[in-house]
**Student:** 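Below is one structure. I have some questions about it.
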Amino acid sequence: MEGKAITTEVLRAAIQIEGTADEGIEERKQVLPVNEIRWLNFSFKGIKNIDYLVGLERLVKLQLDNNNITKIENLEHLHTLTDLDLSFNKIEKIENLSGLTGLLDLSLYNNKITVLEGLEALEEIKSLSLGNNQIKDLDKVLYLRQFRFLRLLCLEGNPLCMDPEYKLFTIAWMRNLLYLDHHFCFASLVKQAREVYQDAMTEVQEKDKLDTIAWTQRRASRVQIKTFMLAHLDHVNEFFDYMFEKDPEHRKLLTIPGLVVAGIDAYRQKFRTAADDLIAKVVGLHEKRCEERRLYELAVQGVLARRDGEGRELLRSLHKKKKKVFQHCRSDRTTAEANMMELYTDIDVLKEKLFEIEVETYGEINKLWNEFEDSFYETLDHAKNFFADFFGQLRTAEGEWSETLLTASAAIAERYDAGDVEEEVDDVAFALLSDREAMTNCISASKDGHGLTMDMEEDMKVKAIEALRKKTYEEGIMFMIKRNREKISEIWFIIDKNRDEIDFMKQQVLHGDVSSVRA
């Protein structure tokens, strides 16, 4: 429907609701308050102008792909938007995005854009797709350097990609890019690219230092930094006290006047420093892991969108030919059967091509998965090393404190023997102070108990990380297998449906009833 407007009816139909039973979705769409809508899908609606998107105070995701839009407009008020898809339209210029400061994903794939501009406000952008446009000047890629969070960039299909320097140039000048045109940017490739352009980058890097100050001030005034604790960091802060609470020997040592306080503050401070460092490192790894997972999924979506587009083009071609043959059947029955036999051949060719696309798609997704998997496993190995370092520091501090206790206990025992201990002692303290070997054994047993508790805790953390590794692997493999099976079923459905349509037409032609044949 050419030029279709975004009416109330169209908007309601575009609402996407997650977590609602199928039978309740349509009813929910009609009564959901506009200010609670979070996701709108206007794909393939023939929309020409962006308008009437008012009152959407919580909108997070907006899909306007595969329409007839020529201008980006009337979006500045959507301050909560994080995902915007304007791919497969007729947009010639990037503009009117100044209000979308929280946007993370923007797709302008397959438009008519010639210049990289109009993105300055998108300081948080992580994924940017500008493939299949008309951008020619490779030097203009420098414009994208300002986006320090940009991890996924697609420029494939633009004239600038024909430049032999395109890949290395782009990777060199981007700050933290992980994927370029759906391919992972390995550390070795990034290093190579930056070495090639090292001299040219020197001046820009000096300017980056000044820009960082201004950027930090802007971001601090706009972004609220959220802190969080991860599941496998639970009880880290409390582990010090927990370790002593589980120690029966420590309760005995507490009975000796002035003993346990010896060096305990220093021990606790060392623990606190090590724990804070561990938490900061693991939280950083977690953020990195989440970001890499999200970018991997975006890269997969990019592959699927491109490959599905190839399949749709093949289906469109067959549909046009079917329509032409069906129309010809109405006017000339003499060649109808031969033409239909040609259609059967075309369907067989379509089947082979669709299966070929699926094989290639599976290969691309598998490659992306392997790249993500390697990086993800490396992150998990870092996490295990961080925990190992933490418990290593704790064991060292425990050993130092144990030595402090041995020295202090010997001094207290001597004072006790000399009658210089004024506090009254109970039977447990008396037994320890009267027997140096028993005192030494008690301190040693306390140390060994703490060491065992550390071993058990570290083993639990390692097992939790390994469980995460296994779970992630199984989810990744099952996704690929499930998607592949569903796609194969879909292909067979498409082939059978087209064959049924030709069979039906053939029967109509053979019986002379071509009036009922429809394209």
**Student:** Please state whether the rings of Phe391 and Phe239 are parallel, tilted or perpendicular, taking 30° and 60° as the class boundaries.
**Tutor:** perpendicular
**Student:** With Ala14, which residues qualify under side-chain contact (heavy atoms from CB on, under 4.5 Å), at least two apart?
**Tutor:** Leu40, Phe42
**Student:** Only counting residues at least two apart or in another chain, list the ones meeting ring pair (Phe, Tyr, Trp, His ring centres under 6.0 Å) with Tyr362.
**Tutor:** none
**Student:** Determine whether a donor-acceptor pair (N or O, by modelled atom type, separation under 3.5 Å) exists between the side chain of Asn133 and the backbone of Leu108.
**Tutor:** yes
**Student:** If the test is side-chain contact (heavy atoms from CB on, under 4.5 Å), which one of Val300, Ile488, Leu304 qualifies with Arg483?
**Tutor:** Leu304
**Student:** Grab the two heavy atoms, one from Asn89 and one from Asn68, that are nearest each other, plus how far apart they are.
**Tutor:** OD1-N, 3.4 Å
**Student:** Which atom pair, heavy atoms only, marks the closest approach of Ala172 to Arg194?
**Tutor:** O-NE, 3.6 Å
**Student:** Looking at Phe149, is its backbone amide N or carbonyl O close enough to the side chain of Asn176 to form a donor-acceptor pair, meaning the two atoms are under 3.5 Å apart?
**Tutor:** no
**Student:** Is the closest side-chain heavy-atom distance between Leu97 and Leu106 below 4.5 Å?
**Tutor:** yes
**Student:** Just jot down the side-chain hydrogen bond (donor to acceptor under 3.5 Å, both in side chains) partners of Glu76, sequence neighbours excluded, or say none.
**Tutor:** none
**Student:** Who pairs with Phe88 by ring pair (Phe, Tyr, Trp, His ring centres under 6.0 Å), at least two apart in sequence or on another chain?
**Tutor:** Tyr109
**Student:** Over 60° means perpendicular and under 30° means parallel, so tell me whether Phe240 and Phe271 are parallel, tilted or perpendicular.
**Tutor:** tilted
**Student:** Taking the six-membered ring of Tyr377, is NZ or CZ of Arg469 closer than 6.0 Å to its centre and within 45° of its axis?
**Tutor:** yes
**Student:** Tell me every residue that passes ring pair (Phe, Tyr, Trp, His ring centres under 6.0 Å) with Phe386, counting only those two or more places apart in sequence or in another chain.
**Tutor:** none
**Student:** Nearest 0.5 Å please: distance from the CD atom of Glu92 over to the OG1 atom of Thr70.
**Tutor:** 7.5 Å
**Student:** So, do Phe186 and Phe184 have ring centers that fall under 6.0 Å from each other?
**Tutor:** yes
**Student:** For Phe355, enumerate each residue passing the ring pair (Phe, Tyr, Trp, His ring centres under 6.0 Å) test, keeping only those at least two apart in sequence or located in another chain.
**Tutor:** Trp492
**Student:** Parallel, tilted or perpendicular: which fits the ring planes of Tyr143 and Phe147, with parallel below 30° and perpendicular above 60°?
**Tutor:** perpendicular
